[in-house]
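Okay, structure first, notes after.
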Protein chains: 2
Amino acid sequence: MAEHDLAPHELRVVVAVEQARSFSGAARDLGLTQSAVSHSVRGTEKKLGAVLFERGRRGAVPTPAGERAVAHARRVLRLLETLAAETRAAAAAEAAGGGPCAPDGGTVAGPLRIAAFRSAALHLLPPALAALRARHPGIEPEVRVVRELGRGTAGEVADGRADIGIATIGTSSPIPRGLVGGVLVEEPYSFVHPAGHPAPRTLPLVDWAENCTSYTRDWWAGQDWIPRATTRTEDDGAVLAMVSAGHAMAIMPALSLTGAPPSVAVVDLGPARPTRSVGYVTTSEQAGSQVVRALIRELRALRAQP
Amino acid sequence: MAEHDLAPHELRVVVAVEQARSFSGAARDLGLTQSAVSHSVRGTEKKLGAVLFERGRRGAVPTPAGERAVAHARRVLRLLETLAAETRAAAAAEAAGGGPCAPDGGTVAGPLRIAAFRSAALHLLPPALAALRARHPGIEPEVRVVRELGRGTAGEVADGRADIGIATIGTSSPIPRGLVGGVLVEEPYSFVHPAGHPAPRTLPLVDWAENCTSYTRDWWAGQDWIPRATTRTEDDGAVLAMVSAGHAMAIMPALSLTGAPPSVAVVDLGPARPTRSVGYVTTSEQAGSQVVRALIRELRALRAQP
DNA sequence: TCGTTCCATGAGGCGCGCTCATGGTCCGGC
DNA sequence: GCCGGACCATGAGCGCGCCTCATGGAACGA
């Protein structure tokens, strides 16, 4: 049995090839020769005993086995970064604080890649990140907005492209296998319409692609009226703009309504209102890392004091 | 900035040094020279910019930074194993099933390191592992017997030396922080004595080091007799041997009595009998992995059909 | 047919991780 | 006190593995 293990540079090559969907492109990205990439991939495939990429005229496309390997490779690389950052931080804390030094919760440092859906990135993360940076200046957060469609932010985490994802969690989109997570806030939907409109129910309802209608469907079923028409827009920002301009009404979650202009009237839907769960998703490895835990702590703290 | 990353063999060295608490010991364990270990650790420390081990006359002891680094190193290595195993499994599934291939939950394969206390390893695991191998031939289980003393099997799991531990779970030994687990069986203690003995209560009581007396203490308190004498032996196997030979009586859990010879009489203690909980302990990371879940499933299936 | 754009392959240089050999330091024993 | 042993450190040298350079083959479009 080949006890050969995969070196980090081999993992990087495989990740780059998947991203570039081409050997020569990956070589350019990595500052290597196309030959080096070809040799490296071949060696990796030999060690694993599996073909990772289907080579074609138009580049290289990963096989199912390759997809898996790449996703894990990204996670390994990320964990190596974490190892280095946390070890350095621990050493620095030890040198500075001297003495027996707090075993945990000392200095936290290193990069933190966050994937979030739009309204969370705009309204939920900024205060949390401000508090995080204030407490731990060494952390370097990086937020990427990901549309909550398909595999959504959880997919980014599963594929190793993010350390933690801010996602909507529900029965129709549970936490995927192999990932861990938790609910941060249960936020209510409200009825929004142009302020001062005499008959908002006569306006067309607008919806947006990311909005999971399953949250509001039950509520609609219990109503004694249905909207005149339903149109669909790009995102919740566009919905808010249309409502603000007086052209539509909508059912929107609280997070999308943060900082809504006064031209938008927000009406609480009462005790039977629909709600959605917003939570975090991360990998089991990262769940143990200091940076991820620190962010979750700040997010939890916000819940009490928004 | 040194963009150098840590190679798997460097991680292995660091882990081995932590385990052996000595450079030369780690070298022996790895089949390397003491010099190689010294060079490797020094290089790793240089790359990380942190001292990982305090070298002394009596070996090497990890610094706080070293502890962190080792813990992460074990995770990285484990994740690399998972990468290889899952990639191979995906490739095999692809080759066999052909077609678009199930994205998940298909073939389960890879190493599975189990720590168990003696009687569980002897009587609980074999049927579960047999069923596991039958269902998933790709899994490579490895059972290590660990005395349920001190940190016990849970300690093995916490330290990354096992993926799952079979442990006794109770108020005096709860599931440690940071680990997850569950109860598999609630098993009763029985009174055992030499078959045909006219007055078994006159025999001395034997106990063994691993047996947590807290389980049986309450029961003894409710009895109207106390044993003539109490002696302590190595393990439950020795206890059974002494009872079988006619020299003693004992209070033993069902698992230790599996396959007891006919020379041992087992007496049910009735509805007020003491019981103990046997369960599994694993890390939150491993809890999500396919192999661990598969084993737990088999163990649960056994509960119904022992 | 030629040019372009992919990936594959063979030969050679060179860095890195290994071993061997040796040295330094602290300890306990006679 | 001095030696022997158990540690780890360090320098020299060797060989394997990874990279580059150069070249080849295959597919596609003009």
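Below, read A as the first sequence line, B as the second, and so on, with proteins coming before strands; counting in each chain starts at 1. The shown structure was predicted, so the numbers you read here are calculated from the model rather than taken from an experiment.
The 12-atom threshold is exceeded at CZ of R147(A), counting heavy atoms of other residues, nucleotides or ligands nearer than 6.0 Å. No more than 12 heavy atoms of other residues, nucleotides or ligands lie within 6.0 Å of CZ in R135(B), so this atom counts as exposed by the packing criterion. Applying the 6.0 Å contact sphere to CZ of R55(A) captures more than 12 heavy atoms from other residues, nucleotides or ligands.
Listed by chain and number, the residues in a salt bridge (Lys or Arg N to Asp or Glu O under 4.0 Å) with E67(A) amount to none (sequence neighbours excluded). Contacts of R42(B) classified as salt bridge (Lys or Arg N to Asp or Glu O under 4.0 Å), with partners at least two apart in sequence or in another chain: none. Residues meeting the salt bridge (Lys or Arg N to Asp or Glu O under 4.0 Å) test with E148(A), sequence neighbours left out: none.
A distance-only check finds no donor-acceptor pair linking the side chain of T33(B) to the backbone of A36(B) [under 3.5 Å]. Looking at H72(B), its side chain does come within 3.5 Å of a backbone N or O of R68(B) through a donor-acceptor pair. In this structure a side-chain-to-backbone donor-acceptor pair under 3.5 Å is missing from T63(A) to E54(A).
Within the 4.0 angstrom heavy-atom criterion, only backbone atoms of the sugar-phosphate kind lie near G59(B); the bases stay farther away.
Taking a 4.0 Å limit (strictly below) on heavy-atom distances, residues 14-24 of chain B reaches DNA chain D at S22(B), F23(B), S24(B).
Rounded to whole Å, the distance from CG on L52(B) to P on dC8(D) is 15 Å. Whole-Å rounding puts the R55(A) CZ to dA8(C) C1' distance at 9 Å.
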- Item | side chain to side chain contact (heavy atoms under 4.5 Å, CB included) between V146(B) and F117(B), intermediate numbers included | CA-CA 5 Å; V146(B) 174; F117(B) 58 91; over 6 Å; no
- Contact letters for nucleotides 12-25 of chain D, in which S counts primed atoms plus P, OP1 and OP2 and B counts the base, heavy atoms under 4.0 Å: ------SSBBB---
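Proximity of S38(A) to the phosphate of dC7(C): no side-chain N or O atom is located under 4.0 Å from OP1 or OP2. Between dC8(D) and R42(B), no contact under 4.0 Å exists linking OP1 or OP2 to a side-chain N or O.
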Which pairs, protein N/O on one side and nucleotides 26-30 of chain D N/O on the other, fall under 3.5 Å?
none

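Using a 4.5 Å heavy-atom threshold, the side chains of L52(A) and T44(A) count as touching.
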